[in-house]
Visitor: 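To start, I am sharing the structure in question, which I have written as structure tokens.
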Amino acid sequence: RDVVVLPLEFADGGSFGQWLRRRRVAREPWLDEALDLFEQACRGLEAIHEAGVAHLDIKPENLLLVGDRLKVADFGLSRDLSRLSSIADALLSDGVGTPAYMAPEQVTAARPKDVRPVADVWALGVILYELLDGSLPFGGQPPALKAKIIDPRVRIHFEDIPERLRPIVEGALRRDDRERTATAAELREGLRRARTQPAAAPVPAAQPASMAAAPTPAAKPAAASQP
């Protein structure tokens with residue numbers, strides 16, 4: 001019988017999710033390196049989207065490390081965008097994906113043609129939030145988790161995100177996909193600029209009145225010499 005062989009590249013570094021767990025346990029500085037890898041994930045999605053494909057299952061476990069390179073994997077839910085508007089897609093209509101990383105329009109995809117690459121930008125935003133905050137934007141399990149994702153009354157808390165990176169995360173996690181950061185390239189460039197800009201100098205606190213410097217006394221006039 002004929003044997004079909006599918007050779008695959010070995011991801012010796014495991015998944016990005018495993019990498020993060022190892023770094024956190026080791027309690028070593030890892031955020032800058034993690035953000036470098038995240039930018040690689042953005043580049044990978046840029047190429048995927050340019051090829052006319054939406055991945056639709058971006059999460060740390062589907063980002064694999066080969067040496068110091070990060071690669072996007074697991075295209076089981078990916079879709080050819082040129083066909084979504086013309087075919088029925090029961091899988092997408094059922095809102096299939098990894099709930100914690102699913103965009104609102106993916107959760108409620110009654111019309112699969114409404115699911116576009118910007119859904120992957122939301123998933124990247126969730127990963128970035130997780131890197132910077134240490135938790136996911138929404139807690140819980142389905143179906144409650146999915147309900148939170150689509151409910152505009154459920155607020156996403158950005159307070160613990162570093163201030164200069166906060167607008168980048170907020171832009172990727174806008175529920176309305178028309179207002180969301182449009183592309184992975186735009187997200188990557190925004191993050192790069194925010195990372196390279198110098199941090200604002202702290203504003204010195206006002207001194208209490210008791211600590212204010214005393215005014216310099218005026219010099220006394222020299223005494224007139226006696227004849």
Visitor: Which pair of non-hydrogen atoms, one from Q40 and one from L70, has the smallest distance, and what is that distance?
Guide: OE1-N, 2.8 Å
Visitor: Using modelled atom types and a 3.5 Å cut-off, is there a donor and acceptor pairing between side-chain atoms of E189 and backbone atoms of E186?
Guide: no
Visitor: So E130 and P60, do their side chains get closer than 4.5 Å, heavy atoms only?
Guide: yes
Visitor: Does atom CZ of R155 have more than 12 heavy-atom neighbours from other groups under 6.0 Å away?
Guide: yes
Visitor: When rounded to the nearest 0.5 angstrom, what is the spacing between CG in L191 and OG1 in T196?
Guide: 9.5 Å
Visitor: What's the verdict on side-chain contact (heavy atoms from CB on, under 4.5 Å) for L128 and L35, showing C-alpha distance, side-chain angles and the deciding distance?
Guide: CA-CA 8 Å; L128 185 56; L35 292 176; 3.6 Å; yes
Visitor: Are R192 and D36 ion-paired here, with the side-chain N under 4.0 Å from a carboxylate O?
Guide: no
Visitor: Hydrophobic cluster membership, with links at side-chain heavy-atom distances under 4.5 Å among I/L/V/M/F/W/Y: are L20 and L124 in one?
Guide: yes
Visitor: Given side chains that start at C-beta, do those of I149 and W122 come closer than 4.5 Å, heavy atoms only?
Guide: yes
Visitor: Do the side chain of R195 and the main chain of D32 share a donor and acceptor less than 3.5 angstrom apart?
Guide: yes
Visitor: If you round to the nearest 0.5 Å, how far is CZ of R116 from CG of D177?
Guide: 4.5 Å
Visitor: Might you work through the side chain to side chain donor-acceptor pair (under 3.5 Å) test for E170 and Y129, ending with a clear yes or no?
Guide: CA-CA 9 Å; E170 290 175 339; Y129 184 102; over 6 Å; no
Visitor: Quick one: closest heavy-atom pair of G97 and D57, and the distance?
Guide: C-OD1, 4.4 Å
Visitor: Is it true that a side-chain atom of D120 and a backbone atom of H55 form a donor plus acceptor pair closer than 3.5 Å?
Guide: yes
Visitor: Work out which heavy atom in R180 is nearest to a heavy atom in R175; give both atom names and the distance.
Guide: NH2-O, 3.1 Å
Visitor: Got a second to check how far L31's CG is from L165's CG, nearest 0.5 Å?
Guide: 8.0 Å
Visitor: Check step by step if side-chain contact (heavy atoms from CB on, under 4.5 Å) holds for I58 and L45.
Guide: CA-CA 9 Å; I58 292 295; L45 273 173; 3.8 Å; yes
Visitor: When rounded to the nearest 0.5 angstrom, what distance separates SG in C42 from NE2 in H49?
Guide: 10.0 Å
Visitor: Can you tell whether the side chains of R174 and D176 come within less than 4.0 Å, N to carboxylate O?
Guide: no
Visitor: Does R188 come within less than 4.0 Å of E46, counting only side-chain N to carboxylate O?
Guide: yes
Visitor: Under a 4.0 Å N-O cut-off, is there an ion pair linking R166 with E159?
Guide: no
Visitor: Rounded to the nearest 0.5 Å, what separation is found between the CG atom of L56 and the CZ atom of F75?
Guide: 11.0 Å
Visitor: Going hydrophobic residue to hydrophobic residue with side-chain gaps under 4.5 angstrom, can you get from L63 over to V66?
Guide: no
Visitor: Would you mind checking if R69 and E9 are paired as a salt bridge, meaning a charged N to carboxylate O distance below 4.0 Å?
Guide: yes
Visitor: Would a 4.5 Å heavy-atom cut-off, applied to side chains only, mark P117 and T183 as touching?
Guide: no
Visitor: Side chains of Y101 and Q106: any donor to acceptor distance under 3.5 Å?
Guide: no
Visitor: Side chains of L173 and F158: closer than 4.5 Å at any heavy-atom pair?
Guide: yes
Visitor: Check L65 against F16 and note the closest heavy-atom contact, atom names and distance.
Guide: CD1-CA, 4.4 Å
Visitor: Salt bridge or not between E61 and R21? Use side-chain N to carboxylate O under 4.0 Å.
Guide: yes
Visitor: Using every non-hydrogen atom in the two residues, find where L64 and A73 come nearest and quote the distance to one decimal.
Guide: CD1-CB, 3.6 Å
Visitor: Specify the closest pair of heavy atoms between L187 and T181, including all atoms of both residues, with the distance to one decimal.
Guide: N-CG2, 3.7 Å
Visitor: Relative to each other, are the rings of W30 and W19 parallel, tilted or perpendicular (30° and 60° limits)?
Guide: perpendicular
Visitor: In Å and rounded to the nearest 0.5 Å, what is the CG to CG distance from D74 to N62?
Guide: 4.0 Å
